[in-house]
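In each ligand, atom 1 is the first atom listed, and ligand 1 is the first ligand listed. Residue numbers start at 1 and run along the sequence shown.
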Amino acid sequence: MNILFVASECAPFVKTGGLADVIGAVPKALAPLGAHVRVLLPAYPALAMEVSRGTEVLSLPDLMGGHARVVAVSAKGIDLLLLEAPHLFDRPGNIYLDGNGQDWHDNYLRFAALSRAGALIGDGALDDWKPDLVNAHDWQAALVPAYMALAGSTVPTVMTIHNIAFQGVFGADVLAAIGLPWDMQSVERGEYYGRFSFLKTGLTMASRITTVSPTYARELMEPEYGMGLDGVMRARAADLSGIVNGIDLDVWNPEDDANAPEGYSARTLRKKAINKEALEGRFGLTRGEGPLFCVISRMTTQKGLDLLLEAMPTLLERDARLAIVGSGDKWMEHAFSDAATHHAGRVGTIIGYDEGLSHLMQAGADAILVPSRFEPCGLTQLYGLRYGTIPVVARTGGLADTVIDANLAALDAGCATGVQFAPVTAVALGQAIDRTCDLFSDQKVWTAMQRRAMKHPVGWDASARAYLSLFSALTES
Ligand code: ADP
Ligand code: GLC
């Protein structure tokens, strides 16, 4: 089976969040099952080297106002199709934001172009390769089903929601510029409170919809989580599946991680202490009785880190420490930097994005905090499980699906892998931190939980098979 993925990010080439990890990992997980995935990605400057090594497979003389071409290249085990369109993608800095931190003014053109190229390839524009199915990821690729339907294509399409908070909503006047007819601005298609929504268009027009965990699939149908699209999701409930994300076990491997000084396994867990020392050094932290918590996250209200600021006194009272790396909302960056100044040695903050450091943190910390208000899947808790870094998570979305709370029954049954809390409030987070410190103080209970966490299956095996059976059902019907 040939499958085309269309997405705006792909690890290790270009990444701002979990979407990239998933796009980089699924093709490799599907290959042994007999599915050949090619990933269509914009040729941002970070991909210049790959473009120079590649072969042109498609020329598009006028794509949203300029010349474009598609270059095929295999890199790091992934078959890439790179959409080179200098007028849209050859820009420095963030792939979504300009130098002032605002969305690029022409994001509707940039990602309509990506979708348009995806639709052409989906409908057989390449000489030697035609997909049996196209999987569009998030709003940046969400116009693929629309362009394909307009071209009369019968190739099935799957729309995957990684985060419904990002919808690609623009004034309805963009329709002409992106080559869509006015009837796309209907309630049944892309109309969204008088404006035009890329994601809604994809959700109403794709053959099937998937999202990245079973709990999030249910939550999406509720007003609290659907972000205005819960009605659309309810209308398409029969076509919606939640398939939980996995992680790339080669990239995230505590036994062999180039960013951690010492490799360790469930059997040699005590060696984790060497990484903890390195991590303490990196953040200027001192030793304490309590656990060393870490956070690796975008700093936004989605991630609930404002609750962590509120719950900080509990953490400090228990003689625990916190190492946090992240970037995002400026007020939050400042608040965590201030916390590090006021509680030097107890709280360490690094503002920025640092892939290598995130590995060291997973390898060295005792626990990882993920207090998200909503979380479609979440990956850092999965990395935590694999590294024996106990996840302390809000009971929502994929966090609810992947962590087994250390309640009495789970402890008795010997199956707990972490701590969950609900509702998602500062008080409940404080209680969860307290509970984690209690568990940590009994090292026998704690190490048993770490070992269990490390054995919990977090690879792609089961989910890759779930994707394949969904894809097969679609291509056979
Ligand atoms: P989201 O995609 O919503 O940001 P996920 O948990 O799915 O959340 O994925 C986040 C990914 O980005 C993980 O791979 C995580 O390790 C990484 N990440 C987030 N912030 C940072 C950071 N400041 N430095 C390094 N990696 C980060
Ligand atoms: C989004 C979600 C996150 C998910 C990731 C990959 O960024 O916020 O929860 O893990 O996509 O699917």
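- Against a heavy-atom cut-off of under 4.0 Å, Asn245 is close to the following atoms of ligand 2: 6 (C), 10 (O), 12 (O).
- Considering backbone and side-chain N/O of Val212, none are found under 3.5 Å from N/O of ligand 2.
- Counting heavy atoms closer than 4.0 Å to ligand 2, residue Asp21 contributes nothing at all.
- Judged by distance alone, with hydrogens and angles left aside, the side-chain atoms of Thr396 form no donor-acceptor pair with the main-chain N or O of Phe374 at under 3.5 Å.
- Between Leu114 and Ala7, the closest heavy-atom pair is CD2-O, 3.6 Å.
- Of the candidates Leu382, Asp138, Asn163, it is Asn163 that places a heavy atom closest to atom 8 (O) of ligand 2.
- Nearest-heavy-atom check against atom 5 (C) of ligand 2 across Ser213, Cys377, Gly18 picks out Gly18.
- When every heavy atom of Asn253 is checked against every heavy atom of Leu249, the shortest pair comes out as CB-O, 3.4 Å.
- Annotation: side chain of Val393 is not in contact with side chain of Val419 (no heavy-atom distance under 4.5 Å).
- Counting the atoms of ligand 2 from 1 in the order shown, those under 4.0 Å from a heavy atom of Gln302 are 8 (O).
- Between Tyr192 and Leu229, the closest side-chain pair of non-hydrogen atoms falls below 4.5 Å.
- Within 4.0 Å of ligand 1, contacts by protein heavy atoms are made from Lys15, Gly17, Gly18, Asp21, Ile296, Ser297, Arg298, Lys303, Val325, Gly326, Gly352, Tyr353, Asp354, Glu355, Ser358, Glu375, Gly378, Leu379, Thr380, Tyr383.
- Using bins of under 30°, 30° to 60° and over 60° for the plane-to-plane angle, the ring pair Tyr96/Phe111 lands in the tilted bin.
- Classified by interplanar angle (parallel below 30°, tilted 30° to 60°, perpendicular above 60°), the ring pair His137/His162 is tilted.
- The nearest pair of heavy atoms linking Val51 to Ala43 is CG2-CB, 3.8 Å.
- Centroid-to-centroid, the aromatic rings of Tyr108 and Phe196 stay 6.0 Å apart or farther.
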Query raised in the report: Do Phe166 and Trp139 pass the ring pair (Phe, Tyr, Trp, His ring centres under 6.0 Å) test, and can you show the C-alpha distance, the side-chain angles, and the key distance before you say yes or no?
Result: CA-CA 7 Å; Phe166 303 104; Trp139 78 265; 9.0 Å; no

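- The protein atom (non-hydrogen) at minimum distance from atom 3 (C) of ligand 2 is Glu375 OE2, 3.4 Å.
- Taking distance alone, with nitrogen or oxygen atoms compared against 3.5 Å, Lys303 stays at or beyond that limit from ligand 2.
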Query raised in the report: Should Trp104 and Phe89 be marked as a ring pair (Phe, Tyr, Trp, His ring centres under 6.0 Å) after you check the CA-CA gap, both sets of side-chain angles, and the distance that decides it?
Result: CA-CA 10 Å; Trp104 288 109; Phe89 300 120; over 10 Å; no

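- Counting only heavy atoms of the protein, atom 2 (C) of ligand 2 lies nearest to His162 O, 3.1 Å.
- Residue Gly378 places a heavy atom under 4.0 Å from ligand 2.
- With ligand atoms numbered from 1 in the order given, ligand 2 contributes 6 (C), 12 (O) to contacts under 4.0 Å with heavy atoms of Val22.
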